[in-house]
K.L.:
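My questions will all concern the structure given below.
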Amino acid sequence: MSPGRVSNITFDEFYNIIDGKQKGASKNYNGVNPATKEKLWDVPVATKDDVNTAVEAGQKAFKTWSKTPIEKRKQMMKDWVKVYEQHEKEFADTLCKETGKPRSFATSEVAMVKGMILHHSDLDIPEEKFEDDEKIVTTRYQPLGVVGAISPWNFPLLLAVGKIAQALLAGCVVISKPSPFTPYTVLKLVETAQEIFPPGVVQVLGGGDDLGPALVEHPGVAKISFTGSIATGKKIMESCAKTLKRVTLELGGNDPCIIFPDVDIEKTVPEVAVGSFWNSGQVCVATKRVYIHESIYREFVDKLVAFTKNNLKVGTSDEENVMLGPIQNEMQFNKVKEFFADSKKNGYKFALGDAEVAASKGFFIQPTIIDNPPNDSLIIREEPFGPILPVQPWSDLEEVIARANNTDTGLGASVWTKDVKKGEEVAQRIESGNVFVNSWVKPVPQAFFSGHKTSGLGGEWGNTGVLAYCNAQAVHVYK
Ligand code: NAD
C-alpha cells in the first residue's frame, strides 16, 4: 500500500498490518455472523514472530513519530478521518455482519469513530510551570512508546479507536489487537490509517488466544490499554507487573439505576428500557439492576414490560424497526443462558420473557425482566452482559444507595428524579466512575471514563485521558 491508494481498500480480504504493509499468515481463522451462524471471511492468525516484528517496527517508528510536532500529528489525525469517511458504508456493512447489531446502531458506531478521532485531534497536552525566586520547574508529558491496545467485541470499532486516537495524540505508536470474535472492522480501520501515517505508527494484529498474552508480555511494549472482562484484566495486570508496564484497565460493571417516586413514568420508562437493553445488554455501562421506588413499583414495572415488548424488537440488522440484534458469539450466548437457567431454577418471577431461550438460526435472546429477585441472586450479583434485567423496589434512600453500592464493581450508574439537585447529591454517593442523572449511561469522548473498584484501573478519554499514554517529567532549572 502507498498513499493515494484509498480506493484500493476492499472489504472482502483481511490482513494484519505490520510496518505499513498487509501481512497474511500460514493459518487463518474466521468470525461468525451471529444472526445466521455463517462463517465470515478468513483472517490471518498473527504469530509470535509477527508480534516481534510489529514491536520492532513500532520502536523504529516511535523515534520519528514522537518527535513529530503535535500540530502535525493532529492534522494527520484529521486527514485520517477524511480517508475513513470514504468507507463509512463498507464499515457499517461489515460491522453489521461481524456483530449482528441493527444497522442504525452500526451506522452510529461508525460515525462515533470520527467523533473520537476529531475530539483528540483538537486537544493539547498540558504543561505545568512553577516559578519562585531561585528556580523554574516545568512538568512536561512525554509519550511512552509502543502501546498495545486490546479491545473487546461489543463495540469493536469504537473501543479500538478510542485507544488509537489517544496514543497518536500523545506521540505514541500503537499495535491494536481486536477480539477474535470481531476482527474485521478493526483490521480495516488500521488499513485506512496506512494512507496517512508512516509505517509502524498504527499497526494491527488479529489472532488466537495466545496473541494477547504475547503482546502483554513483550518487553518492547511500554503500555497496555485494555478493555474487556475483569477476569482478563486481572491476568493482564499480573503479566504487566513482570516488566512494570504501564497499564490502563476498562473492565466490566454491574450498573445500578435508582428511580425516585417523582419521575414522569411515561417519559422515564422508555429511557430505562433502552439504557438496559441496547446492544442486547452487551454494553459495559448498560443498566444492570433497576431499583424503583415502591410507591410506583407496580405501575413502572408494568409499563417497562409493555414498552419493551412492544418497542424493542429483536431481529437481524436490516429488518425494519429492529432495536436489538443477537448475542455476538456462542460463548457469550451460553453464558447469558446460565442467568436464565439460574433464575428459573430458583423460581424467580419472569415479568417479561421466559426461562427457555429458544433455539434459532442465530444467537437471539428476547429481552427479559426478572421481578424482584433476592439480593443474593446471581442476576443481581453478576453482570449477565445480555438482555436479562432484574428490577427491585425500594423505600429508604440510605438503604437503596447501600444496595446500589453493594458490589465490587463500579463502572456506571443512573439516578432518575425531577429534583435534579437531589439527583446530583445521590449521584456523588454512588461508587462508580460514570454516574448520570436523568439519562442512561452515555459516555462521550469529552468526559474522562473510568471504573471504580474492580471495574478498572486508571481511565481514558476526556481532556486528560491522554496523560495515561505519557510519562511525566519535571525539569527543575535553577536560575
Ligand atoms: P475478554 O476479556 O474476554 O476479551 C477482551 C480482549 O482481551 C479480547 O481482544 C481478547 O482476545 C483479549 N484477551 C483475552 N485473554 C487475554 C490475555 N490473557 N491477555 C491479553 N489479552 C487477552 O472480554 P470480552 O468478552 O471481549 O468483552 C466483554 C467484557 O468487556 C465485559 O465484561 C464488559 O463489561 C467489558 N467491557 C468493558 C468496557 C469498559 O470500557 N469498561 C467496555 C466494553 C466491554
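Both counts, for ligands and for their atoms, begin at 1 and track the order of listing.
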K.L.:
What residue and atom, counting heavy atoms only, is the protein's closest point to atom 8 (C) of ligand 1, and at what distance?
P.N.:
S151 O, 3.4 Å

K.L.:
Can any side-chain N or O of N30 pair as donor or acceptor with the backbone N or O of K39 at less than 3.5 Å?
P.N.:
no

K.L.:
Give the residue and atom name of whichever protein heavy atom lies nearest to atom 24 (P) of ligand 1, and the separation in Å to one decimal.
P.N.:
W153 NE1, 3.4 Å

K.L.:
Which bit of L159 gets closer than 4.0 Å to ligand 1, counting heavy atoms only: side chain, backbone, both or neither?
P.N.:
side chain

K.L.:
Within a radius of less than 6.0 Å around CE of M237, do more than 12 heavy atoms belonging to other residues, nucleotides or ligands occur?
P.N.:
no

K.L.:
Heavy-atom contacts with P178 under 4.0 Å: which atoms of ligand 1 show up? List them by number with element.
P.N.:
9 (O)

K.L.:
Do T182 and Q328 pair up side chain to side chain, a donor and an acceptor below 3.5 Å, judged on atom types alone?
P.N.:
no

K.L.:
Ignoring hydrogens and angles, tell me if any N or O in the side chain of N434 forms a donor-acceptor pair with the backbone of G412 under 3.5 Å.
P.N.:
no

K.L.:
Is it the side chain, the backbone, both or neither of N154 that has a heavy atom closer than 4.0 Å to ligand 1?
P.N.:
side chain

K.L.:
Tell me whether E109 contacts the main-chain N or O of L157 through its side chain, where contact means a donor paired with an acceptor under 3.5 Å.
P.N.:
yes

K.L.:
Starting from atom 36 (N) of ligand 1, what is the nearest protein heavy atom, named by residue and atom, and what distance separates them?
P.N.:
C284 CB, 3.5 Å

K.L.:
If we only consider heavy atoms of G233, is any one of them less than 4.0 Å away from an atom in ligand 1?
P.N.:
no

K.L.:
For atom 32 (O) of ligand 1, find the nearest protein heavy atom and state the residue, atom name and distance (0.1 Å precision).
P.N.:
E383 OE1, 3.0 Å

K.L.:
Please confirm whether P180 approaches ligand 1 to less than 4.0 Å, judged on its heavy atoms.
P.N.:
yes

K.L.:
Would you say the ring centers of Y84 and F91 fall short of 6.0 Å from each other?
P.N.:
yes

K.L.:
Under 4.0 Å from a heavy atom of E250: which atoms of ligand 1 are those, numbered in the order shown and with their elements?
P.N.:
37 (C), 38 (C), 39 (C), 40 (O), 41 (N)

K.L.:
Got a donor-acceptor contact below 3.5 angstrom from the N346 side chain to the D342 backbone?
P.N.:
yes

K.L.:
Checking contacts here: is it the side chain or the backbone of Q332 that comes within 4.0 Å of ligand 1, counting heavy atoms only? Could be both or neither.
P.N.:
neither

K.L.:
Among protein heavy atoms, which sits nearest to atom 7 (O) of ligand 1, and what does the distance come to when rounded to 0.1 Å?
P.N.:
F226 CE1, 3.1 Å

K.L.:
Would you say NZ of K74 has more than 12 non-hydrogen atoms from neighbouring residues, nucleotides or ligands within 6.0 angstrom?
P.N.:
yes

K.L.:
Heavy-atom pairs closer than 4.0 Å: do any link ligand 1 to the side chain of A231, the backbone, both, or neither?
P.N.:
neither

K.L.:
One residue to check: L251. Relative to ligand 1, which of side chain, backbone, both or neither has a non-hydrogen atom less than 4.0 Å away?
P.N.:
backbone

K.L.:
Determine whether the side chain, the backbone, both or neither of I236 has a heavy atom under 4.0 Å from any heavy atom of ligand 1.
P.N.:
side chain

K.L.:
Is the closest side-chain donor-acceptor distance between T10 and D12 under 3.5 Å?
P.N.:
yes

K.L.:
Among the heavy atoms of G451, does any lie under 4.0 Å from an atom of ligand 1?
P.N.:
no

K.L.:
Quick check, are the ring centers of W461 and Y469 under 6.0 angstrom apart?
P.N.:
no

K.L.:
Does T227 approach ligand 1 within less than 4.0 angstrom via side chain, backbone, both or neither, non-hydrogen atoms only?
P.N.:
both

K.L.:
Quick check, are the ring centers of Y184 and W41 under 6.0 angstrom apart?
P.N.:
yes

K.L.:
At under 4.0 Å between heavy atoms, which part of S239 makes contact with ligand 1: side chain, backbone, both or neither?
P.N.:
neither

K.L.:
Does NZ in K48 sit with more than 12 non-hydrogen atoms of other residues, nucleotides or ligands closer than 6.0 Å?
P.N.:
no

K.L.:
Please state which protein non-hydrogen atom is closest to atom 30 (O) of ligand 1 and give its distance, to 0.1 Å?
P.N.:
G228 C, 2.9 Å

K.L.:
Around atom 18 (N) of ligand 1, find the nearest protein heavy atom and jot down its residue, atom name and distance.
P.N.:
P213 CG, 3.6 Å

K.L.:
Within a distance under 4.0 Å of any heavy atom of G252, pick out the atoms of ligand 1 and give their elements.
P.N.:
32 (O), 34 (O)

K.L.:
Is there at least one pair of N or O atoms, one from K235 and one from ligand 1, spaced under 3.5 Å apart?
P.N.:
no

K.L.:
Looking only at distances, please establish whether an N/O atom of ligand 1 is found under 3.5 Å from an N/O atom of T232.
P.N.:
yes

K.L.:
Could you tell me if any non-hydrogen atom of F155 lies under 4.0 Å from any atom of ligand 1?
P.N.:
no

K.L.:
Considering heavy atoms of the protein only, find what lies nearest to atom 28 (C) of ligand 1 and give residue, atom and distance to 0.1 Å.
P.N.:
F385 CE2, 3.6 Å

K.L.:
For atom CG of D209, decide whether the heavy atoms of other residues, nucleotides or ligands shown that lie under 6.0 angstrom number more than 12.
P.N.:
no

K.L.:
Can you name the atoms of ligand 1, numbered from 1 with element, that are less than 4.0 Å from a heavy atom of L411?
P.N.:
41 (N)

K.L.:
Numbering the atoms of ligand 1 from 1, which are under 4.0 Å from a heavy atom of G212?
P.N.:
19 (N), 20 (C), 21 (N)

K.L.:
Examine ligand 1 and decide if any of its atoms is less than 4.0 Å from a heavy atom belonging to F181.
P.N.:
no

K.L.:
Do we get K335 above F385's six-membered ring, with its NZ or CZ under 6.0 Å from the centre and within 45° of the axis?
P.N.:
no

K.L.:
Would a 4.0 Å cut-off, counted as strictly less than, catch a protein heavy atom around atom 4 (O) of ligand 1?
P.N.:
no

K.L.:
For ligand 1, find out whether one of its N or O atoms is nearer than 3.5 Å to an N or O atom of K288.
P.N.:
no

K.L.:
Check step by step if salt bridge (Lys or Arg N to Asp or Glu O under 4.0 Å) holds for K344 and D354.
P.N.:
CA-CA 8 Å; K344 182 184 180 185; D354 57 48; over 6 Å; no

K.L.:
In terms of heavy-atom contacts, does CD of E319 have more than 12 from other residues, nucleotides or ligands at under 6.0 Å?
P.N.:
yes

K.L.:
Tell me whether the guanidinium CZ or amine NZ of K78 lies under 6.0 angstrom from the six-membered ring centre of W80 and within 45° of its axis.
P.N.:
no

